[in-house]
2 protein chains.
Amino acid sequence: MATGRTHRPATRSRGIPEATVARLPLYLRALTALSERSVPTVSSEELAAAAGVNSAKLRKDFSYLGSYGTRGVGYDVEYLVYQISRELGLTQDWPVVIVGIGNLGAALANYGGFASRGFRIAALIDADPAMAGKPVAGIPVQHTDDLEKIIKGNGVSIGVIATPAGAAQQVCDRLVGAGVTSILNFAPTVLSVPDGVDVRKVDLSIELQILAFHEQRKAGEEALPDGLPASAAAARESTDKGPDGDVPAVMPA
Amino acid sequence: MATGRTHRPATRSRGIPEATVARLPLYLRALTALSERSVPTVSSEELAAAAGVNSAKLRKDFSYLGSYGTRGVGYDVEYLVYQISRELGLTQDWPVVIVGIGNLGAALANYGGFASRGFRIAALIDADPAMAGKPVAGIPVQHTDDLEKIIKGNGVSIGVIATPAGAAQQVCDRLVGAGVTSILNFAPTVLSVPDGVDVRKVDLSIELQILAFHEQRKAGEEALPDGLPASAAAARESTDKGPDGDVPAVMPA
DNA sequence: CGATGTGAAAAAATTCACAGCA
DNA sequence: TGCTGTGAATTTTTTCACATCG
C-alpha cells in the first residue's frame, strides 16, 4: 500500500481498496445524519454501529484516507464529512442523465438522494415521443433523438439506464459514443462497453434470489427436498453479518 | 455478537461461499437465455463470457454445487438451470410483499422479473389511505393497518421495503414481528433486525457515489484542489467489478 | 485513560495450472 | 482431444490486538 511519496503522514496514496470505497458512502450517510443533529464528534464504535459495520473495519477503512481522528476522542463529524465527500468526488457537481422514464426512471428522477449528494439531474430522456416535454420531477422529458446533443451540451459523464432490457445496449452505446464514461445500469442485461468505461448494475431479481437462498436454508435445516448426497443443509449462519448490525453488501462490487 | 455458531460442522458440501451465491443468479440468467434459444450445452468459457465473469471463477463456483458438467463437452443447459434454481430455492414459490407504493414501489410491482423467477407478489401495502384499493400493476394496494394480517395470511417470509427512510425501521419491525425473515431494503437507512433475519440493501445513491469516485479518478489525474495527491490509480480496471459487463435487472414498463 | 491507527494474523475470494475423465 | 474439476498459489478483505498519542 502507499506509494509513500513522502509528503504528509502518507497512507492513502495509491489505491483505496474497492471494498473500502464501497463503504465510504455508508459512512458518509451516517455522518450526515449526525451532522444534521449537530453531533460534533463520534467514535469509531458509534459511527460503525450507525453504519452497520464493525469498528475495526471502519478504522482500517479510514486509515486508507489518512489520519483524520483524534486518539482518545474520536472523529470530528464535519471534518470527516468533508474528507469523505472529497475522496468520493462529491465536492463537485456531477450532471447525470437518466434514460428511460418509465416507472423506475420516474422513481429515480424523484429520488431525493441524488440531488443532495453532488448529483444533478441534467436531463431525462425517453424514446417515447408522447413523453417529450412532459415534466417528471419538475424536469421536462426530452426525446432520445437529442441524446448526443444533451450529453455534450451538459458535459455529462454519468448516465443512468432505466430502459427495457432490449434497448439498454443501444442506449449504452450512444451514451458512450457521446462521452459518458460511467453507467449505472438498471436494465437486466450484460452491457459491453469499451475499456475506460465503468458500469455498475442494480439488479432487483438478483438481490431477491440471494435472499431466497438464505431463506430456504433457514427453513430446511434438515428436510431436504431433492435427493443427492451433496445436499445437506448445514453450517454457516443465515445471518452472516458482521458482529453487529446487518449490512449485507451491495455491490456487488 | 459472536455467539450462535455451532450447528453442523460443515458437512463437506454445504458451505457455498457468499461470493458464489451472489453470482449464481447471474449464471442462472445467462443459462435461461441460452435455454430459450434451445442451446443444449455450453462450455465454462462461453457461459462465463455471457455472465460477465472469467471461466476459472465460474468453474470454481460450480464445483461448490457438485459436478454437473461433462469433461470435454461442457454443461447441459437445462440440467444446470434446474440445479442452480434448486440451490437458490427458486423451485418453490415465494410470496413477497412490497411496502411503500410510491414511485419506486410501483416500479418494483411492475417489474416482470418477479414472477418469472419463483417470486409472487402477494400484496402491495401503503400507509396512504388514499392508495387503498387502487390497483398498481393489477394488484390492489392494501393499507398498512392490515400488514400483520396480510403477512400471516399469505405465509410471507420475504418483504421489500420501498418506503421513505423515516418509516423504514418501523415497517421493518412490523414485518419481522409478523414473521418475515428476509428483507430487501430500498430505503436509505441501516435497519436493525434480530438475529436470524436477513437484510439486503439496495441503495441507489451509493451506487452513484461509487461511480463518482471512479469517475473523479479518471478525470483528475492532473491537479487536485486540496493538498494530498489523490491516488494515481494506475492501470487496473475500466470496468469495476467483474471482468466485463454486468448483469442488472429491474426495469420499468 | 481512552480511542485511534496499524502491523500482523486469519479468513475469504480469486486465479493459476494441470491432472484426469468423457 | 477438449474441457471440467480442483489443489495450490495468490490476492484481497477482514479481524485481531496493542503500541501510541492526545
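Computed from heavy atoms alone, side chains included, the values below leave out hydrogens, waters and symmetry copies. First the proteins, then the strands, lettered A, B, ... as listed; each starts at 1. All values derive from a computational prediction rather than experimental measurement.
Below the 3.5 angstrom threshold, one finds no donor paired with an acceptor across the side chain of B:Arg59 and the base of D:dT4.
Judged by closest nucleotide on DNA chain C, A:Val73 is the one of A:Ala56 and A:Val73 placed further toward the 5' end. Residue order along DNA chain C, read from the 5' end via each residue's closest nucleotide, puts A:Gly72 first among A:Gly72 and A:Asp61.
Note: CD (A:Glu46) to P (C:dA3) measures 9 Å, nearest angstrom. Rounded to whole angstrom, the span from the CG atom of B:Leu47 across to the P atom of D:dG5 amounts to 12 Å. Summarising the geometry, the separation between CG on B:Asp76 and P on C:dA22 is reported as 16 Å, rounded to the nearest angstrom. For the pair A:Tyr68 OH and C:dA3 C1', the interatomic distance rounds to 19 Å; values are reported in whole Å. Atoms CD (A:Glu18) and C1' (C:dT14) sit 15 Å apart, rounded to a whole Å.
In this structure, B:Arg23 reaches the C:dT14 phosphate: one of its side-chain N or O atoms is under 4.0 Å from OP1 or OP2. Contact check, A:Lys57 against D:dT15: a side-chain N or O comes under 4.0 Å of OP1 or OP2. For the pair A:Ser44 and C:dA3, the criterion of a side-chain N or O lying under 4.0 Å from OP1 or OP2 is not met. Under 4.0 angstrom from either OP1 or OP2 of D:dG22 there lies no side-chain N or O belonging to A:Tyr75. For B:Asn54, no side-chain nitrogen or oxygen approaches OP1 or OP2 of C:dT14 to under 4.0 Å. Applying the 4.0 Å criterion to OP1 and OP2 of C:dA13, one finds that B:Tyr64 has every side-chain N and O outside that range.
Ranking C:dG20, D:dA8, C:dA13 by closeness to the B:Lys60 side chain, first place goes to D:dA8. When distances run from any side-chain atom of B:Pro17 to the nucleotides C:dA13, C:dC21, D:dC16, the shortest one goes to C:dA13. Checking D:dG22, D:dT14, C:dA22 against every side-chain atom of A:Ala19, the shortest atom distance belongs to D:dT14.
As judged by a 4.0 angstrom heavy-atom cut-off over every strand, B:Phe62 is placed among residues making no nucleic acid contact.
Side-chain contact between B:Ile210 and B:Ile206 is present, with heavy atoms from C-beta onward closer than 4.5 Å.
Checked by atom type, the side-chain pair A:Arg117/A:Thr32 shows a donor-acceptor distance below 3.5 Å.
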Inset, instruction - Evaluate the criterion ring pair (Phe, Tyr, Trp, His ring centres under 6.0 Å) for residue pair B:Phe62 and B:Tyr68; output intermediate values, then yes/no. - result: CA-CA 8 Å; B:Phe62 285 179; B:Tyr68 298 145; 8.2 Å; no
